[in-house]
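A quick write-up on the structure given underneath.
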Number of protein chains: 2
Amino acid sequence: MTTVLVVEDDRAVLRGITESLELEHFEVAQAEDGITALEMAQETRYDIIILDLLLPGKTGEDVCRELRGSGNDTPILILSNKQEEFDKVLGLELGADDYMTKPFGTRELLARIRAILRRGGALTPDLVEYSFGEVWINFKKQEVTRSGEPLKLTAKEFEVMRYFIEHEGEVVSRKQLLDEVWGYETFPTTRTVDNFILSLRKKIEGDPSNPRHITTAHSVGYKFIK
Amino acid sequence: MTTVLVVEDDRAVLRGITESLELEHFEVAQAEDGITALEMAQETRYDIIILDLLLPGKTGEDVCRELRGSGNDTPILILSNKQEEFDKVLGLELGADDYMTKPFGTRELLARIRAILRRGGALTPDLVEYSFGEVWINFKKQEVTRSGEPLKLTAKEFEVMRYFIEHEGEVVSRKQLLDEVWGYETFPTTRTVDNFILSLRKKIEGDPSNPRHITTAHSVGYKFIK
DNA sequence: ACTCTTTTGACATGGTCATGACAATCGCGG
DNA sequence: CCGCGATTGTCATGACCATGTCAAAAGAGT
């Protein structure tokens, strides 16, 4: 079981991240301030630490530096609100392994976590190619064909598609999609999701009005079937 | 699969190098101090070792000398912060195969790694000549022609082109280009990339406003197609 | 100092996405 | 089996954001 320490003072974000990680079967520990985080990290060995920069008590910067100073080399993924913040920190040779600027979708967060963990050891590689029915998708090349015919997806459509594929056979709610693909701090209406479904169906389904792959789970969400 | 051992105590640099190498499909092992590095090198046979001179525990100099002393002839590429440092070391007949002074771009690092490996025998030769559509490029001679007509690319344009060619068919993000071609310690705005795309298109595309080879992947990056 | 290259900034343009209206469909209870 | 409310399908619209493009500033090399 992979253990993750999430350090984040914004409860909403903390909860969101935790839920997403638990959904992916990570074991999650939480800290809401720098001092607690340090204590926890020194006591327990986590596989990775997700660390917000802006924290009460001690900043994430402090936490990071003190951990490294005490010889702790747990991989750290920094969350910051602005690009510039991290640039500054990077200049200070903080010793973090990666960083993300808010807002971010959970998909990206998970991808980065997996990338970091993969560096340290063994973990499954990223999804590059996938096919179902008459459709072929190559995420690396951002190319899609249906029955051999190339078709165009937008960046976000690729992301939604990827999410569906990674959760093949599961019912995913609109909220889940919004959180995971769009990110916590953006609040489009659920109508937006429907529209992406619509446009995806038009593109990948043979008969868009009788979808076979992206099916509706009424009053719950959608389900992708290979 | 080519294996590389990177020995570097600055995490940011270590991470940068690791990512670049992994992006180029090398298998990367990491060490952050001289002692660990020695152990790893004696236990496993790597195709090449990237070795920072300034290390905690044992200096890169020590590591290099001890390896050679014990009969290990794995190619070594030295990284040093200053020209003088290496000059000193070179006088000591250290037995390294090449060296670079920081800061350096990833392109240069990769070029040197490939050069060293090629000497040893195993690795595809460098990209010397390449053609697509009406365009011929000779990287060694730094010459380009389109429909037989010679045209001039700047040094950086050559590098961007080379990166595109080496990643033909893949979508590459602006960030990726900045990291890989410009090097991880420079932070030009992303506008810079666009302008290089613009100027490359003007030069190599028959109809620059309808690019066939350097295509746009909206909100993601660009893609080179042969 | 001059020239060529690279970077930056400004503006125009086009694509993408979010929203709301309305129609169609579903599920549930009668 | 029918009807009603709730949910989803569908489309048109406008705002916004990413990119195309150019010009000028900054930097590098000679």
Side-chain angles (χ1 to χ4, degrees), chain A residues 83-84 87 101 103-105 142 144 151-161 163 171-179 181-183 185-205 207-224, chain B residues 103 105 107 142 144 151-161 163 171-179 181-183 185-205 207-224:
Chain A
Q83 174 76 46
E84 307 90 65
D87 286 351
T101 52
F104 51 84
Q142 303 253 114
V144 193
L151 48 94
K152 280 175 65 181
L153 298 195
T154 68
K156 196 136 277 180
E157 284 165 357
F158 267 108
E159 290 193 50
V160 174
M161 229 18 252
Y163 191 80
V171 173
V172 298
S173 68
R174 288 178 178 69
K175 183 184 179 319
Q176 201 174 334
L177 273 170
L178 284 172
D179 284 352
V181 177
W182 272 260
E185 318 210 332
T186 51
F187 302 102
T189 41
T190 52
R191 228 82 273 286
T192 301
V193 176
D194 297 347
N195 281 293
F196 272 85
I197 300 298
L198 174 66
S199 113
L200 276 174
R201 280 178 177 159
K202 275 186 186 167
K203 292 177 178 176
I204 66 165
E205 296 279 2
D207 177 5
S209 45
N210 280 29
R212 290 214 328 238
H213 298 293
I214 301 179
T215 60
T216 304
H218 209 274
S219 77
V220 187
Y222 297 97
K223 179 163 70 169
F224 171 74
Chain B
R107 274 245 56 74
Q142 301 265 111
V144 193
L151 50 92
K152 281 174 65 182
L153 298 195
T154 69
K156 195 137 276 182
E157 284 166 357
F158 266 107
E159 293 194 40
V160 174
M161 239 3 265
Y163 191 80
V171 172
V172 299
S173 68
R174 289 178 179 67
K175 182 182 180 322
Q176 201 175 332
L177 277 169
L178 285 171
D179 285 350
V181 176
W182 273 258
E185 64 280 310
T186 55
F187 299 98
T189 54
T190 52
R191 230 81 274 282
T192 303
V193 175
D194 297 349
N195 281 294
F196 271 85
I197 301 298
L198 177 66
S199 97
L200 276 174
R201 279 178 177 160
K202 276 184 186 169
K203 291 177 179 177
I204 66 164
E205 295 280 0
D207 177 6
S209 46
N210 279 27
R212 290 216 328 238
H213 299 294
I214 302 179
T215 60
T216 303
H218 208 278
S219 79
V220 185
Y222 297 97
K223 180 161 70 170
F224 171 74

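Residue numbering restarts at 1 for every chain, and letters A, B, ... go by the order of the sequence lines.
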Side-chain atoms of residues 189-196 of chain B: list all donor-acceptor pairs with protein atoms under 3.5 Å, sequence neighbours left out, distances to 0.1 Å.
| residue | atom | partner | partner atom | Å |
| --- | --- | --- | --- | --- |
| B:Arg191 | NE | B:Asp194 | OD2 | 3.4 |
| B:Arg191 | NH2 | B:Asp194 | OD2 | 2.1 |
| B:Thr192 | OG1 | B:Thr189 | O | 3.1 |
| B:Asp194 | OD1 | B:Arg174 | NE | 2.8 |
| B:Asp194 | OD1 | B:Arg174 | NH2 | 3.1 |
| B:Asp194 | OD1 | B:Tyr222 | OH | 2.9 |
| B:Asn195 | ND2 | B:Arg191 | O | 2.9 |

| request: Please report the C-alpha distance between B:Thr216 and B:Arg201 in whole Å, then the side-chain angles of each, then the deciding distance to 0.1 Å, and finally whether the side-chain contact (heavy atoms from CB on, under 4.5 Å) criterion is met. | output: CA-CA 11 Å; B:Thr216 303; B:Arg201 279 178 177 160; 2.8 Å; yes
| task | Starting at atom CD1 of A:Ile214, determine the distance to atom P of D:dT8, rounded to an integer number of angstrom. | result | 15 Å
| said: So A:Val193, base contact, sugar-phosphate only, or nothing? Heavy-atom distance under 4.0 Å. | reply: nothing
| request: Check whether any side-chain N or O of A:Glu205 sits under 3.5 Å from a backbone N or O of A:Asn210 as a donor-acceptor pair, and report yes or no. | output: no
| said: Judged by each residue's nearest nucleotide on DNA chain D, which is more toward the 5′ side, B:Ser219 or A:Ala217? | reply: A:Ala217
| request: Check every strand shown and say whether A:Thr192 touches a base, only sugar-phosphate, or nothing at a heavy-atom separation below 4.0 Å. | output: base
| Does B:Ser219 have any side chain to side chain contact (heavy atoms under 4.5 Å, CB included) partners at least two apart in sequence or in another chain, and if so, which? | A:Ala155
| field | Rounded distance (Å) that lies between atom C1' of D:dC16 and atom NZ of A:Lys156 | value | 13 Å
| task | Under the salt bridge (Lys or Arg N to Asp or Glu O under 4.0 Å) rule, collect the residues that match up with A:Lys223, sequence neighbours excluded. | result | none
| First encountered from the 5' end of DNA chain C, between B:Thr189 and A:Thr189 | B:Thr189
| Residue whose closest nucleotide on DNA chain C lies nearer the 5' end, B:His218 versus B:Thr190 | B:Thr190
For nucleotides 21-23 of chain D, print each protein N/O atom paired with a nucleotide N/O atom at under 3.5 Å, atom names and distance only.
| residue | atom | partner | partner atom | Å |
| --- | --- | --- | --- | --- |
| D:dT21 | O4 | B:Arg191 | NH1 | 3.1 |
| D:dC22 | OP2 | B:Lys202 | NZ | 3.2 |
| D:dC22 | N4 | B:Asn195 | OD1 | 2.5 |

| Backbone of A:Lys152 reached by a side-chain donor or acceptor of A:Lys203 within 3.5 Å | yes
| Can you check whether B:Tyr222 has a side-chain N or O nearer than 4.0 Å to OP1 or OP2 of D:dG20? | yes
| message | On a heavy-atom basis, which atom in B:Ala217 and which in B:Val171 lie closest, and how many Å separate them? | response | CB-CG1, 3.9 Å
| said: Restricting to non-hydrogen atoms, name the atom on B:Tyr163 and the atom on B:Val181 that form the minimum distance, rounded to 0.1 Å. | reply: CB-CG2, 3.8 Å
| said: If I take atom CD in residue A:Glu205 and atom C1' in nucleotide D:dG9, what distance separates them, rounded to the nearest angstrom? | reply: 14 Å
| remark: Closest non-hydrogen contact found for B:Gln176 with B:Ser173 is N-OG, 3.0 Å
| Rounded distance (Å) that lies between atom P of D:dC11 and atom CD1 of A:Ile197 | 15 Å
| request: Using five base pairs at each end, measure the axis-to-axis angle across the helix from C:dA1-D:dT30 to C:dG30-D:dC1 and round it to 10 degrees. | output: 40°
| request: Using the heavy-atom set of chain B and a strict 4.0 Å cut-off, write down the first and last nucleotide of DNA chain C that makes it in, 5' to 3'. | output: C:dT5 to C:dT16
